[in-house]
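Data first, discussion second: the structure below is written as structure tokens.
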Amino acid sequence: MVNRGNRLRYVMWFVLAGVVVLLAALIVAIAMDVEISTAASATILAVCGVVSGALVVGSRALAQQPVVSTGQTVDSTQVTDPSAGNISNWMFLADSYVERQEYDSAERFYRRAADAGHGPAIARLGEVLYELGRDDEASYYREKGHELGG
């Protein structure tokens with residue numbers, strides 16, 4: 001799942017790569033004694049500075065996105081909160097750890113998503129707890145997850 005925040009991050013990385021290439025081209029041109037006017041050099045540096053400033057402001061805006069608190073529940077079929085990207089990221093990471101049979105790490109990320117009220121995460125947390133040998137806790141989360149449609 002790619003949400004708005006993730007797309008913005010990808011765009012920011014792409015723009016940052018463009019700034020790096022532009023600066024590298026300027027450095028190479030200077031090193032090869034290519035004549036570049038002072039105005040052209042100043043324009044390139046100014047553009048790089050403005051873009052870098054915009055990236056800093058944009059990254060701060062992304063960092064200040066609201067996060068679902070543990071007291072709220074999230075409908076797993078219709079997620080509209082911008083922090084839904086966090087939940088999908090936690091699920092992806094946890095699923096990856098399960099594939100590698102690293103159940104302790106998987107538990108950590110499933111629990112984060114489960115604390116946000118994500119039904120499938122609650123059910124999967126139960127499965128991971130079962131693999132860790134914590135059967136009582138596992139049965140609670142499995143039942144709760146299935147009640148929420150996970």
Side-chain angles (χ1 to χ4, degrees), residues 1-132 138 141-142 144-145 148-150:
M1 166 189 264
V2 178
N3 64 19
R4 186 184 70 78
N6 287 339
R7 280 193 301 265
L8 186 56
R9 283 184 184 93
Y10 297 143
V11 168
M12 289 171 59
W13 278 110
F14 182 74
V15 170
L16 182 61
V19 167
V20 169
V21 167
L22 195 60
L23 288 174
L26 182 63
I27 291 169
V28 167
I30 292 170
M32 295 178 64
D33 287 331
V34 173
E35 289 193 33
I36 299 176
S37 69
T38 307
S41 297
T43 302
I44 291 172
L45 292 176
V47 167
C48 290
V50 168
V51 169
S52 299
L55 289 175
V56 168
V57 170
S59 65
R60 286 188 182 152
L62 282 175
Q64 294 173 354
Q65 287 182 345
V67 176
V68 176
S69 69
T70 57
Q72 296 176 329
T73 59
V74 176
D75 179 10
S76 60
T77 59
Q78 183 65 24
V79 179
T80 58
D81 192 281
S83 64
N86 291 337
I87 294 171
S88 66
N89 291 339
W90 294 331
M91 293 295 290
F92 177 79
L93 287 170
D95 290 342
S96 298
Y97 283 123
V98 167
E99 287 178 15
R100 296 188 331 221
Q101 297 180 351
E102 296 179 26
Y103 298 114
D104 289 323
S105 297
E107 176 194 1
R108 185 174 69 236
F109 289 105
Y110 280 140
R111 193 169 297 276
R112 286 181 183 177
D115 287 345
H118 190 256
I122 294 171
R124 290 183 197 168
L125 176 60
E127 300 298 326
V128 167
L129 291 171
Y130 176 76
E131 292 293 331
L132 290 170
Y141 280 105
R142 288 163 108 179
K144 188 176 177 183
L148 294 174

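Any value given below was found using the heavy atoms of this structure, including those in side chains, with hydrogens, waters and symmetry copies removed.
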TODO: Calculate, to the nearest 0.5 Å, the distance between atoms CG and CG belonging to Leu129 and Leu132 respectively.
DONE: 6.0 Å
Open item on the list: Once rounded to the nearest 0.5 Å, what's the spacing between atom CG of Leu125 and atom OH of Tyr141?
Closed with: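 Between atom CG of Leu125 and atom OH of Tyr141 there are 6.0 Å.
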Donor-acceptor list for residues 33-51 side chains, cut-off 3.5 Å, not counting sequence neighbours:
from, atom 1, to, atom 2, distance (Å)
Ser37, OG, Ala40, N, 3.0
Ser41, OG, Ser37, O, 3.3
Thr43, OG1, Ala39, O, 2.7

Which pair of heavy atoms, one from [X] and one from [Y], lies closest together, and at what distance?
X	Y	answer
Gly117	Ile122	C-CD1, 4.4 Å
Ala121	Ala114	CB-N, 3.7 Å
Ala113	Met91	CB-SD, 4.0 Å

Show me, pair by pair, the donor-acceptor contacts under 3.5 angstrom made by side chains of residues 95-102, not counting sequence neighbours?
from, atom 1, to, atom 2, distance (Å)
Asp95, OD1, Tyr110, OH, 2.3
Asp95, OD1, Arg124, NH1, 3.1
Asp95, OD2, Arg124, NH1, 3.0
Ser96, OG, Phe92, O, 2.9
Arg100, NE, Glu102, OE2, 3.1
Arg100, NH2, Glu102, OE1, 3.4
Arg100, NH2, Glu102, OE2, 3.3

Partners meeting side-chain contact (heavy atoms from CB on, under 4.5 Å) with [X] (sequence neighbours left out):
X	answer
Val20	none
Ile30	Leu26
Ala25	none

Task: salt bridge (charged side-chain N to carboxylate O under 4.0 Å, His left out) involving Arg112 - partner list, sequence neighbours excluded - done: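 Arg112: no salt bridge (charged side-chain N to carboxylate O under 4.0 Å, His left out) contacts found.
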